[in-house]
Amino acid sequence: MAKHKTPLLDQLESGPWPSFVSDLKLEAEVRAKNEKNVNYQIPVEVVEDLLGVLELSFTDGETHWKHGGIVGVFGYGGGVIGRYCDQPEAFPGVAHFHTVRVAQPTGKYYTTEFLRQIIDIWDMRGSGLTNMHGSTGDIVFLGTTTPQLEEIFYELTHDANVDLGGSGSNLRTPAACLGQSRCEYACYDAQGLCYDMTMEFQDELHRPAFPYKFKFKFDACPNSCVCALARSDFSVVGIWKDEIRIDQEAVAAYVGGEFAPNAGAHSGRDWGKFNIQTEVCDNCPSKCITYADNKLTINDKECVHCMHCINTMPRALMIGNDRGASILCGAKAPILDGPQLSSLLVPFIKVEEPYTEVKDVVENIWDWWMEEGKNRERLGETMRRMGFQKLLEVTNTKADPRHVQEPRHNPYIFWKADEVDGPWERDVNEYRKRHQR
Ligand code: HEM
Ligand code: HEM
Ligand code: SF4
Ligand code: SF4
C-alpha cells in the first residue's frame, strides 16, 4: 500500500515510454521489502515521500524544495547539490534530499561490476534513485542526507576508486563524444583528451577558483554528438586539413543502390531511389562536389568540413588523414546577456598526447578570465565585454579571416596609439594656427 495517494502521477504510468513513476514505485517497493537485508542509512520511505511531494507539486503547480543548500565533503568546494523539502513534516523521507555528482567514465562505457559496486553504496546510503546521466555528464545520485555525504565519498574513493564531479564556480565535469571507440568519423581521441584534461585539472574542478563555472566538451568531428559548441565554454571539435578520401567503387555502389544512403537512417519512409546529384552535390554548402562520368570529385580547398557528404555516403567518403581539432570558446545559456554558441578561436590544432598545445590555450584563457572576468561572468560574456581581440591577444592567436563570419559593418574602430602616426596628445593651438575659430 503506497504511503501517499498519487492520482496525477499514476496517469504517467500509461503509454509506451518507460515510466519514471512506475520505476519509482518499483524502487519504493524494493526498499519496503528489503529482501537483500540492506542496512538503510536514510529513511526507507524516501521514494514514497518523493512521489508524495511530487504529487503535491503536480496538484498546486509549485516546487516544494527550499531555496539553495550548502553541503559537501572536506577538501572539496563542490560536488554535492544540497536540497531540503519545504514540507518536512508531511514528507520526512525527503527532508534532506541532496544530490551527489559522481565522475563518469568518458564515453560512458561501463562494466556491470562497476555499476553494481556504486549502486550497492547508493542503495545503502542514499535513495537508490539516480539520473543516468546529468546533462554535463556526471552520474547523478539523487537524494541523501548530510551525514551520509562523507560516508558515500569514503566508499566511492576507497572501494570504487571513483571521484566526485564538479559544481560551483569552477571547472565542471568534462564530457566527450564516444569518438574513436566506435565512430569512423573521429578525427582525434576525444575520450583520451577528455580523460587527460579531467585528470590534469582536478584541482580546478574540485575547488572553485573561477569568476564563474567553466565547461570543457570534446567532439571528435563537426557532427558534435556531445554538442560541445553549444554547451561548453571551451569546445574542442575534431577536423582534418587534407583531402576527403574517396572510394569510387563504393560511390558506384551508392549510385547503384547496393549501399543505403545515410547508412539507412531514412529507411522508415520511401524517399525514392538515391540521387547523388540532389542528395549530395546540390546539398554541399560550398558546392564543391561534382559527380560526372561516374566519378565523384571534391574541390577540397573549398570544403568547409560540414560532414554532409560523409554522413550521406559513409562507406565511400572518409575523413582526411591530417587530423586535429578546432577550438571554439564562449558558449553559454541566456542568463545574463543572451545565449551564445562558441566562437572559433583556433582553426586547427594538433591533438596528441600529452596534449600540451590544447592545455596551453586553456591556461592562457584562464589566466586572463580569472583576473578580468567579473563576478559570475561567463567567458562568453567576458569576450563580449572586453572584445574578441583581447581573447586573441591573451592566447597569442593571430587574427585570421576564419575568426569572423563577416567583418564588422560599423566604423567604431579602435586603434592602438602606436598604430597611428603621431601621438594622441594634440595641441589645439597648433590646429588653430591653420584653422580660425
Ligand atoms: C557640404 C557640406 C558637408 C560636407 C562635405 C560634410 C562632410 C562630412 C564628412 C566627410 C564627414 C565624415 C564622415 C565619416 O567619417 O564617416 C562628416 C561627418 C559629420 N558631419 Fe558633415 N559635412 C557637411 C555638412 C555638415 C553639416 C551642415 C552638419 C551639421 C549641421 C554636419 C555634421 C556632421 C556630423 C555631426 C558628422 C559626424 C557624423 C558621425 O561621426 O557619424 N555636416 N561630414
Ligand atoms: C540637449 C540637447 C542634446 C543632447 C542631450 C544630445 C545628446 C547626444 C548624445 C548622447 C549623443 C551620442 C553621443 C555618442 O554616442 O558618443 C549625440 C550625438 C549627436 N548629436 Fe546630439 N544632443 C543634443 C543636441 C543636438 C543638436 C542640437 C544637434 C544638431 C544640431 C545634435 C547632433 C548630434 C549629432 C550629429 C550626433 C552624432 C555625433 C557623432 O556620432 O559623433 N545634437 N547627441
Ligand atoms: S561527434 Fe563525430 S566523431 Fe564523435 S561520435 Fe559524433 S559523429 Fe562520431
Ligand atoms: S564535407 Fe560538406 S562542404 Fe565538404 S565537400 Fe562534403 S558536403 Fe561539401
Side-chain angles (χ1 to χ4, degrees), residues 104-109 133 135 137 174-197 215-232 234-248 250-251 254-255 261-265 274-292 295-328 331 341-342 344 347-349 351-352 358 402 405:
Q104 85 288 7
T106 162
K108 304 188 180 80
Y109 289 95
H133 301 71
S135 306
C177 77
L178 44 77
Q180 293 176 342
S181 71
R182 54 172 202 175
C183 183
E184 302 282 342
Y185 302 158
C187 300
Y188 71 96
D189 182 1
Q191 291 171 275
L193 179 60
C194 181
Y195 179 73
D196 192 290
M197 299 266 285
K215 298 181 183 180
F216 294 158
K217 280 192 170 59
F218 306 94
D219 278 316
C221 89
N223 281 330
S224 284
C225 293
V226 80
C227 225
L229 86 171
R231 305 196 299 146
S232 63
F234 187 86
S235 326
V236 183
V237 180
I239 201 85
W240 64 94
K241 265 209 302 197
D242 54 348
E243 293 82 43
I244 291 177
R245 290 169 292 153
I246 306 174
D247 175 346
Q248 298 291 351
V251 173
Y254 279 102
V255 174
N262 292 86
F274 176 61
N275 182 332
I276 194 167
Q277 183 61 41
T278 58
E279 293 177 46
V280 179
C281 304
D282 293 353
N283 282 343
C284 170
S286 309
K287 298 288 179 284
C288 66
I289 312 185
T290 40
Y291 183 71
K295 192 162 176 270
L296 191 77
T297 36
I298 298 179
N299 177 5
D300 288 277
K301 284 217 161 6
E302 297 299 325
C303 167
V304 295
H305 312 92
C306 78
M307 296 299 293
H308 174 73
C309 59
I310 298 175
N311 287 337
T312 309
M313 303 196 293
R315 297 172 76 166
L317 302 178
M318 285 146 285
I319 58 170
N321 286 320
D322 187 3
R323 302 171 196 162
S326 300
I327 296 176
L328 302 92
L341 297 175
S342 280
L344 183 65
F348 189 86
I349 195 165
V351 185
E352 276 154 9
V358 181
R402 291 170 291 183
Q405 187 168 20

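Indexing begins at 1, ligand by ligand and atom by atom, following the structure's order. Note that the coordinates shown come from a computational prediction; the quantities given were computed from them, not determined experimentally.
Taking CD of Q191 as the start and CG of D196 as the end, the distance is 13.0 Å to the nearest 0.5 Å. Atom NE2 of H305 sits about 9.0 Å away from atom CZ of F348, to the nearest 0.5 Å. With values rounded to the nearest 0.5 angstrom, Y109 atom OH is found 4.5 Å from R182 atom CZ. Expressed to the nearest 0.5 Å, how far CE of M318 lies from CD of E184 amounts to 9.0 Å. Residue D322 holds its CG atom at 11.5 Å from CD1 of I239, rounded to the nearest 0.5 Å. Between I327 atom CD1 and L229 atom CG the span is 13.5 Å, to the nearest 0.5 Å.
In I289, the part holding a heavy atom less than 4.0 Å from any atom of ligand 4 is the side chain. Contact annotation for S224 and ligand 3: only backbone heavy atoms (N, CA, C, O) come within less than 4.0 Å of the ligand.
In this structure, the side chain of R245 engages the main chain of I319 through a donor-acceptor pair within 3.5 Å.
Within the listing of ligand 3, atoms 3 (S), 7 (S) sit less than 4.0 angstrom from a heavy atom of Y185. Interface atoms of ligand 4 facing M307, defined by a heavy-atom separation under 4.0 Å, are 1 (S), 2 (Fe). The distance from ligand 4 to the heavy atoms of C309 drops below 4.0 Å at these ligand atoms: 1 (S), 5 (S), 6 (Fe), 7 (S). The C288 neighbourhood of ligand 4 comprises atoms 5 (S), 8 (Fe), with distances under 4.0 Å to a heavy atom of that residue. For ligand 3, the atoms closer than 4.0 angstrom to any heavy atom of A186 are 3 (S). Near C225, with a cut-off below 4.0 Å to any heavy atom, the atoms of ligand 3 are 1 (S), 5 (S), 6 (Fe), 7 (S).
Atom 2 (Fe) of ligand 4 has C306 among its coordinating residues (N/O/S atom, backbone or side chain, under 2.8 Å).
Put simply, part of V304 is less than 4.0 Å from ligand 4, judged by heavy atoms.
With a 6.0 Å radius and a threshold of 12 heavy atoms from other residues, nucleotides or ligands, Y195 has its OH atom at or below the threshold.
The protein non-hydrogen atom at the shortest distance from atom 2 (Fe) of ligand 3 is C221 SG, 2.3 Å. For atom 8 (Fe) of ligand 4, the closest non-hydrogen atom of the protein is C284 SG, 2.3 Å. Distance from atom 4 (Fe) of ligand 4 to its nearest protein heavy atom, with residue and atom name: C303 SG, 2.3 Å.
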- request: Take S326 and L344, measure what side chain to side chain contact (heavy atoms under 4.5 Å, CB included) needs, and give me the verdict at the end.
  value: CA-CA 7 Å; S326 300; L344 183 65; 3.8 Å; yes
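Between atom 3 (S) of ligand 3 and the options C227, A220, A190, the minimum heavy-atom separation is to A220.
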